[in-house]
Amino acid sequence: MVTVERGALATVGARVARVAPAHRYAVLSDTTVAGIFWPTVLHSFGEKAVELFTIPPGEHHKTRESWAMLTDQLLAHGYARDTTVVALGGGVVGDLAGFVAATYMRGVPVVQVPTTLQAMIDASIGGKTGVDTPAGKNLVGAFHQPAEVIIDPTVLESLPPRQLNAGMAEAIKHGVIASAEYFRLVSQPADMADIIAGSVRIKTEVVARDVREGGLRRVLNFGHTIGHAIETLSRFDLLHGEAVAIGMVIESRLAERLTLAERGTAEAVCAAVGRSQLPTALPAGMRALDIVSLTHSDKKVRKGRVEYALPRAIGAMAGADTGWGIAVDDDDVIATLAQD
Ligand SMILES: NC(=O)c1ccc[n+]([C@@H]2O[C@H](COP(=O)([O-])OP(=O)(O)OC[C@H]3O[C@@H](n4cnc5c(N)ncnc54)[C@H](O)[C@@H]3O)[C@@H](O)[C@H]2O)c1
Ligand SMILES: [Zn+2]
């Protein structure tokens, strides 16, 4: 279940106790988020037994070492099976705390309380948890559905604008893959609670129809094949959402080139991306060959051709007959990148 409600953070303790009652509650967070919201969260638990455990902020703390540290702290504090974990933070905390909960005593409930737009509309929905390893991102993890996702849109007021815009990339993606109406909403100034609610609905529906990623869930990869390559080549100077924004523009051009997408699709995507102050073009000096070569290290390669999730129009994806993946020749990708 997902709740989107202004001010929900002030009653988060009671809500958690209702959906996942436990003897003790462990709130996992990062030091930045805890510094802002812990007093409110602590207060919301009233007399209940609740403690805070933190990691420093940042993707490079989404590791097995952080998982071991948090797990050892819970063990040292005597947390037993009747524990509920609360993940308070962005996607880094959500993935890590979700993985701690998935494995602690073979699994205890987790409630996700996302505090970034990215985590509200993407990372907290769908039950994927895990950590990064030196070999790559998200390579070790588990599916562990949250007992509830509690979203308070007002917590975004303290989020740096760059992080907020990056989150909008996933909202735009949801419009492209599933709903022209929602795409129109995110293409103009709109109420943040409406943006979140619409995005949550789309992601929840896609996930519900394909819980363990057999097919349909692949449409969520739109913008991400090129986006991941750009993110890596930027040495993570670009935020994930910024790289995905550029990826969506290029992949929708690719879809038009392959005559899969209606003409004008790429232009509409580009305009929406630009309106959210997100980049639409490749960073200077990034080479098409390097991008294409990196797309091959992604998981979705079939007989040497990389599979993409590509739009048919705004609000509809191509590839229903091929499991939503479309194998593309490198030459077409290179030609599309050269357009940029
Ligand atoms: N599980 C999934 O399905 C899924 C999907 C997408 C992304 N992810 C993961 O999500 C992670 C990225 O998440 P993210 O973009 O939320 O980054 P993040 O968790 O690193 O948060 C970004 C920064 O914002 C700070 N912050 C968070 N909330 C704040 C607030 N309300 N006010 C002020 N500062 C705040 C954090 O301390 C951090 O420094 C990646 O690790 C990615 O792999 C997972
Ligand atoms: Zn993404």
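FYI, the numbering just counts along the sequence from 1. Note that these values count all heavy atoms, side chains included, but never hydrogens, waters or copies made by symmetry.
Considering only heavy atoms from C-beta on, Leu117 comes within 4.5 Å of Ile196 through its side chain. Two residues are said to be in side-chain contact when any heavy atoms from C-beta on lie closer than 4.5 Å; Gln145 and Val110 fail this criterion. Looking at heavy atoms from C-beta onward, Lys203 lies out of side-chain contact with Ile121 at the 4.5 angstrom threshold. Two residues are said to be in side-chain contact when any heavy atoms from C-beta on lie closer than 4.5 Å; His23 and Thr83 fail this criterion. Considering only heavy atoms from C-beta on, Ile250 comes within 4.5 Å of Leu282 through its side chain. Inter-residue side-chain proximity for Arg201 and Ser179 is flagged as unmet; no heavy-atom pair is nearer than 4.5 Å. No side-chain heavy atom of Gln112 sits under 4.5 Å from any side-chain heavy atom of Met120. In this structure the side chain of Glu51 reaches within 4.5 angstrom of the side chain of Tyr79, judged on heavy atoms.
The two residues Ser124 and Ala119 come nearest to each other via the heavy atoms OG-O, 2.7 Å. When all heavy atoms are compared, the tightest approach of Gly13 to Ser44 is N-OG, 2.9 Å. Scanning all heavy atoms of the two residues, the minimum distance from Ala87 to Gly94 falls at CB-CA, 4.1 Å. The heavy-atom pair separating Asp152 from Leu9 by the smallest distance is OD2-N, 3.1 Å. Minimum heavy-atom separation, Gly247 to Ile230: N-CD1, 4.3 Å. When all heavy atoms of Ala10 and Thr40 are compared, the pair lying nearest together is CA-CG2, 3.9 Å.
Taking NE2 from His174 and OG1 from Thr204, the interatomic distance works out to 8.5 Å, rounded to the nearest 0.5 Å. Atom CD1 in Ile36 sits 8.0 Å away from atom OG1 in Thr115 (nearest 0.5 Å). With rounding to the nearest 0.5 angstrom, the CD atom of Glu231 is 8.0 Å from the NE2 atom of His224. Atom CD of Glu157 sits about 10.5 Å away from atom CG of Leu164, to the nearest 0.5 Å.
In this structure, Arg253 contributes its side chain and Thr336 its backbone to no donor-acceptor pair below 3.5 Å. Put simply, the side chain of His144 never gets that close to the backbone of Ala142: no donor and acceptor are under 3.5 Å apart. Judged by distance alone, the side chain of Asp30 and the main-chain N or O of Val33 form a donor-acceptor pair under 3.5 Å. The main-chain N or O of Leu278 is never found under 3.5 Å from a side-chain atom of Asn165 such that the two would form a donor-acceptor pair. Checked by atom type and distance alone, the side chain of Thr225 never pairs as donor or acceptor with a backbone atom of Phe222 at under 3.5 Å. Put simply, the side chain of His43 never gets that close to the backbone of Thr11: no donor and acceptor are under 3.5 Å apart. Remark: side-chain polar atoms of Ser234 are paired, donor with acceptor, to backbone N or O of Phe236 under 3.5 angstrom. Under the 3.5 Å distance criterion, the side-chain polar atoms of Gln163 are left unmatched by any main-chain donor or acceptor of Thr116. Listed for the Tyr308 side chain is no donor-acceptor partner under 3.5 Å among the backbone atoms of Ala255.
The pair Glu307-Arg218 meets the salt-bridge criterion, with a side-chain N (NZ, NE, NH1 or NH2) lying under 4.0 Å from an Asp/Glu carboxylate O. Salt bridge annotation for Glu148-Arg18: absent, with no cationic side-chain nitrogen under 4.0 angstrom from a carboxylate oxygen. A salt bridge is defined here as a Lys NZ or Arg NE, NH1 or NH2 lying under 4.0 Å from an Asp or Glu carboxylate O, and Glu170 with Lys173 meets this definition. A salt bridge does not link Arg24 with Asp82: every distance from a Lys NZ or Arg NE/NH1/NH2 to an Asp or Glu carboxylate oxygen is 4.0 Å or more. Under a 4.0 Å N-O distance rule, the pair Glu181/Arg184 does not qualify as a salt bridge. We find that Asp191 and Arg6 are joined by a salt bridge, their nearest charged nitrogen and carboxylate oxygen being less than 4.0 Å apart.
Cluster membership check: Val207 does not share its hydrophobic cluster with Phe99, using side-chain heavy-atom separations under 4.5 Å among Ile, Leu, Val, Met, Phe, Trp and Tyr. Residues Leu96 and Ile150 do not share a hydrophobic cluster, defined by chaining ILVMFWY side chains whose heavy atoms lie under 4.5 Å apart. One hydrophobic cluster, built from ILVMFWY side chains closer than 4.5 Å, cannot hold both Leu88 and Val131; they sit in different ones. Cluster membership for Val41 and Leu52, using ILVMFWY side-chain heavy atoms within less than 4.5 angstrom, is shared. Hydrophobic clustering keeps Val244 apart from Leu239 (ILVMFWY residues linked when any side-chain heavy atoms are closer than 4.5 Å, directly or through intermediates).
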Item checked: Worked verdict on Ser29 versus Phe37 for side-chain contact (heavy atoms from CB on, under 4.5 Å) -> CA-CA 10 Å; Ser29 192; Phe37 301 116; over 6 Å; no

Check: Should His296 and Asp330 be marked as a side chain to side chain donor-acceptor pair (under 3.5 Å) after you check the CA-CA gap, both sets of side-chain angles, and the distance that decides it?
Finding: CA-CA 10 Å; His296 282 266; Asp330 286 349; 2.9 Å; yes

Next item on the list: Could you walk me through whether Arg257 and Glu251 pass the salt bridge (charged side-chain N to carboxylate O under 4.0 Å, His left out) test, one step at a time?
Entry: CA-CA 10 Å; Arg257 180 186 174 81; Glu251 290 183 16; over 6 Å; no

Margin query: Set out, in order, the CA-CA distance, both residues' side-chain angles and the distance that settles side-chain contact (heavy atoms from CB on, under 4.5 Å) for Val111 and Val85, then state yes or no.
Written below: CA-CA 6 Å; Val111 173; Val85 168; over 6 Å; no

Item checked: Steps toward side-chain contact (heavy atoms from CB on, under 4.5 Å) verdict (Asp329, Arg305) -> CA-CA 6 Å; Asp329 287 329; Arg305 291 164 96 209; 2.9 Å; yes

Next item on the list: Evaluate side-chain contact (heavy atoms from CB on, under 4.5 Å) for Arg312 paired with Met317, printing each intermediate quantity in order.
Entry: CA-CA 5 Å; Arg312 181 158 61 71; Met317 294 300 276; 6.0 Å; no

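For the side chain to side chain donor-acceptor pair (under 3.5 Å) with Trp67, the qualifying choice from Thr103, Asp72, Thr129 is Thr103, the only one to do so.
In the model, Asp132 has no side-chain atom that pairs as donor or acceptor with a side-chain atom of His60 under 3.5 Å. Under the 3.5 Å distance criterion, with hydrogens and angles disregarded, no donor-acceptor pair is assigned to the side chains of Thr265 and Glu256. Side-chain contact annotation: His61 with Ser66, donor-acceptor N/O pair under 3.5 Å absent. Remark: the Lys128 side chain and the Asn138 side chain contain no N/O donor-acceptor pair separated by less than 3.5 Å.
Under the 6.0 Å cut-off for aromatic ring centres, Tyr25 and Phe45 qualify, their centroids lying closer than that. Between His77 and Phe53, the distance from one ring center to the other falls under 6.0 angstrom.
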